[in-house]
Amino acid sequence: MSAKGDTPEKGKDFIRQIIDRDLEDGKYGGRVHTRFPPEPNGYLHIGHAKSICLNFGIARDYQGKCNLRFDDTNPVKEEIEYVDSIREDVRWLGFDWDANPFASDYFEKLYCIAELFIKMGKAYVDHQSADEIRATRGTLTEPGIDSPYRDRTPSENLDQFRRMRAGEMKDGECILRARIDMSAPNVMLRDPALYRIKHADHHRTGDAWCIYPMYDFTHGLSDAIEGITHSVCTLEFENNRPLYDWCVDTLMAGLKHPELFGRHADIYNELAALPGFNQRPYQFEFARLNITGTVLSKRKLIQLVREGHVSGWDDPRMPTICGFRRRGFTPESIRDFCDRIGVAKADSTVEYALLEHCLRQDLNERAPRYMGVLDPVKLVIENYPEDQVDEFTIPLHPEDESFGARTVPFSRELWIERADFMEEPPKKFFRLGPGREVRLRAAYYVTCTGYEKDAEGRITEIRATYDPATKGGWSDDGRKVKGTLHWVSARHGLKAEIRNYGNLFTTDNPNAPGEGKTFIDLVNPDSLEVLPECRVEPAIRDMPAGTNFQFERTGYFCADLRDHRPGENLVFNRTATLRDSWAKIQKQIGK
RNA sequence: UGGGGCGUCGUCAAGUGGUAAGACAUCAGGUUUUGGUCCUGACAUUCGGGGGUUCGAGUCCUCCCGCCCCAGCCA
């Protein structure tokens, strides 16, 4: 009941409140069992992370269980590649499952339950075409029309259904339908399909089946089979809940008639022994996650990949788990984000700024600091001896000594950031300009004595003098230097490629493109900026791929998981910039 | 126009009839060898709107308005 430690008791989300109540009522004998049920037809994205954190988080908080169940009932859309990636992503997020079943594991049981429904008069085989069924389903305001096959006898239906399984019918020739109510105001209840014929190989069961159960039939019954107590899904399934209940209730009712199982006494015994027999699961729905500036629908993500707008599912601009991983996000930051956004029933769009905040907060604590110059321009220290080298020992983290320190060489010629120099700086500019003095981070104070430009007016070299008395970057003679610049020794610096990522879309809401447009029209053509000529300090040379770190004053970066080669080819992804109050000032004085 | 949901600060979101939490964002200061971090302060007389019940309503009743979901042999 109480939050751990000194964290203030935050109001629990409505699902946990329901669980608390169920626990008090003794509804499941103290059991809490959830599941995360992805269909293996795409990669997981941050919307899934919300669901994962909710379902696995509930299991953790209540000492319950959470299954990872693959909802693989449509063989033409599902692939083993996705199964592997989903497992990897769930683990990376920091969760582990209690069981990892596939709905396809239950095909035999589900088939048996379908026969049970038929014997109970709750399902029938309909030979109408898909078009006919659509035409007779009615509309939102008009009831549907009963199928001419609706009143076939159970034995006739049984015979037909067995022929379906035996492969005697072609795809689409007939389906098994629930016998509910063609005039139900909820369209979901107008005799929905339970089984369809698909002569297609399944990624796990191969050619063992040519009929496959539909989602609604499969999902609730799988929950019951696994003893799930709280089946948490998103809002769009709210209309399906009565059907979920119908399937589970019909099974419960059927279980009271062992004789209906005939030669399948073994399956009856198995089902009747399940915890779900007397403690049936209930479905609860919460609002799915939306984030500004991105899309979170599998269809759209797959389109971005297939049409080549991004390099793949793990493109660092993608809101997929693997995309965020490659970008340099930590699992902790994503979990923190999911904790903060809450769980409710109102449609909502969370600002990307919150995710970025969670990221920066985590990275600020854990990222070691280095110096790297993204857009280098030469700085020559005129009074620094040609052959001299200083070696500065600089802490890897300004607030945490346990990080230790690295050694950074300093010499006469340095690289500094082009943006750190202005020929005619405005008053609020604290950096280098003619005659100005700044601090080179942890090294010396330097004063600009001049600069050179090429024919196009581009700065080619900046000249300065240093003050040897300021070694280490400090002087206690009362001199004020407002600006501190990062730098890399030209002679010692390493070349690196840096990839800066911007918004994938040109608008905050790519889900609402204007008249006659699609979200693809809103893809930002400038969302990737590759800087192949960056210079970084030598301490980074052997950094392993996947390492998070900060380039001081610039941002958080991550050695790329695919292309970075320690010691050979340095490739860094910009995970996020640092907050930049200078950029704000620039905007203000620009106006 | 049938059914199912949802409307509390720019964005999320607590609140469960007793007098509007918190976070992000924003703005204003302070500290600072990262214009980072950190710290301080400001930020909903009002809960989609109107009636009503009540000593008391964001919470209850009622009418209205707006938004989302459903007519796949997808999940």
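Keep in mind that what you see is a predicted model, and the values were worked out from it rather than measured.
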Taking any heavy-atom pair under 4.0 Å as a contact, classify [X]: base, sugar-phosphate, or nothing.
{"X": "A:T73", "answer": "sugar-phosphate"}
{"X": "A:P398", "answer": "base"}
{"X": "A:S129", "answer": "base"}
{"X": "A:T139", "answer": "base"}
{"X": "A:Q128", "answer": "base"}
{"X": "A:V438", "answer": "nothing"}
{"X": "A:K198", "answer": "sugar-phosphate"}
{"X": "A:E365", "answer": "nothing"}

I'd like to know if [X] reaches the base of [N] with its side chain, counting only an N/O donor and acceptor under 3.5 Å.
{"X": "A:E399", "N": "B:G36", "result": "yes"}
{"X": "A:R441", "N": "B:U34", "result": "no"}
{"X": "A:E552", "N": "B:G36", "result": "no"}

Side-chain N or O of [X] versus OP1/OP2 of [N]: is the shortest distance under 4.0 Å?
{"X": "A:R369", "N": "B:G36", "result": "no"}
{"X": "A:R431", "N": "B:U34", "result": "no"}
{"X": "A:R241", "N": "B:G4", "result": "no"}
{"X": "A:S581", "N": "B:G36", "result": "yes"}
{"X": "A:R299", "N": "B:C74", "result": "no"}
{"X": "A:H357", "N": "B:C24", "result": "yes"}
{"X": "A:R340", "N": "B:U11", "result": "no"}

Practice task
Give, ordered by number, those residues of residues 233-240 of chain A having at least one heavy-atom distance below 4.0 Å to an atom of RNA chain B; if nothing qualifies, reply none.
Solution key: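 Within this stretch, A:E236, A:F237, A:E238, A:N239, A:N240 sit under 4.0 Å of the strand.
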Handout entry: Step-by-step side chain to side chain donor-acceptor pair (under 3.5 Å) determination, A:Y444 to A:D390
Key = CA-CA 11 Å; A:Y444 296 102; A:D390 272 306; 2.5 Å; yes
Any N/O pairs under 3.5 Å between the protein and nucleotides 26-31 of chain B? List them or say none.
{"unit_1": "B:U26", "atom_1": "OP2", "unit_2": "A:R579", "atom_2": "NH2", "d": "3.4"}

Practice task
Could you classify B:G58 for me, syn or anti, using a glycosidic angle within 90° of 0 as syn?
Solution key: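 Anti, angle beyond 90° from zero.
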Practice task
Test the A:R165-A:Y111 pair against the cation-pi criterion, namely NZ or CZ under 6.0 angstrom from the six-membered ring centroid and within 45° of the ring axis.
Solution key: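 Yes, A:R165 sits over the ring of A:Y111.
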Practice task
Answer yes or no as to whether B:G35 has its base stacked against A:W582, where stacking requires a ring-centre separation under 5.5 angstrom and planes under 30 degrees apart.
Solution key: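 Ring-base stacking flag set for A:W582 and B:G35.
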Practice task
Name the orientation class of the two ring planes belonging to A:H127 and A:Y149 (parallel below 30°, tilted from 30 to 60°, perpendicular beyond 60°).
Solution key: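 Plane angle between 30° and 60°, so tilted.
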Handout entry: Exceeds 12 heavy-atom contacts within 6.0 angstrom, atom NZ of A:K122
Key =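 For A:K122, atom NZ is not crowded (no more than 12 foreign heavy atoms under 6.0 Å).
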Handout entry: Among B:C12, B:G2, B:G72, the one nearest A:M214 by side-chain distance
Key =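 The nucleotide sitting nearest to the side chain is B:G72.
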Practice task
Whole angstrom is fine here: how far is it from NE2 in A:H219 over to P in B:A75?
Solution key: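 Taking atom P of B:A75 as the reference, NE2 of A:H219 is at 11 Å.
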Exercise for the section: Would you mind reading off the distance between A:W246 atom CH2 and B:G4 atom C1', rounded to a whole angstrom? Expected result: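 Computing the A:W246:CH2 to B:G4:C1' distance gives 20 Å.
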Handout entry: 5' precedence on RNA chain B between A:W474 and A:M188 (nearest-nucleotide basis)
Key =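 With A:W474 and A:M188 compared, the 5'-side residue is A:W474.
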Problem - Which residue lies more 5' along RNA chain B, comparing A:N364 with A:L440 via nearest heavy atoms - result: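 Going by which nucleotide is closer to the 5' end, it is A:L440.
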Exercise for the section: Name the pairing partner of B:G2, where a pair is Watson-Crick or G-U wobble with both distances under 3.5 Å, or state none. Expected result: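 The base-pairing partner of B:G2, which may sit in any strand shown, is B:C70.
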Practice task
State which residues pass salt bridge (charged side-chain N to carboxylate O under 4.0 Å, His left out) with A:E236; sequence neighbours excluded, sorted by chain then number.
Solution key: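 Listed in chain order: A:R288.
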Practice task
Evaluate side chain to side chain donor-acceptor pair (under 3.5 Å) for A:S402 paired with A:D400, printing each intermediate quantity in order.
Solution key: CA-CA 5 Å; A:S402 72; A:D400 188 343; 2.6 Å; yes
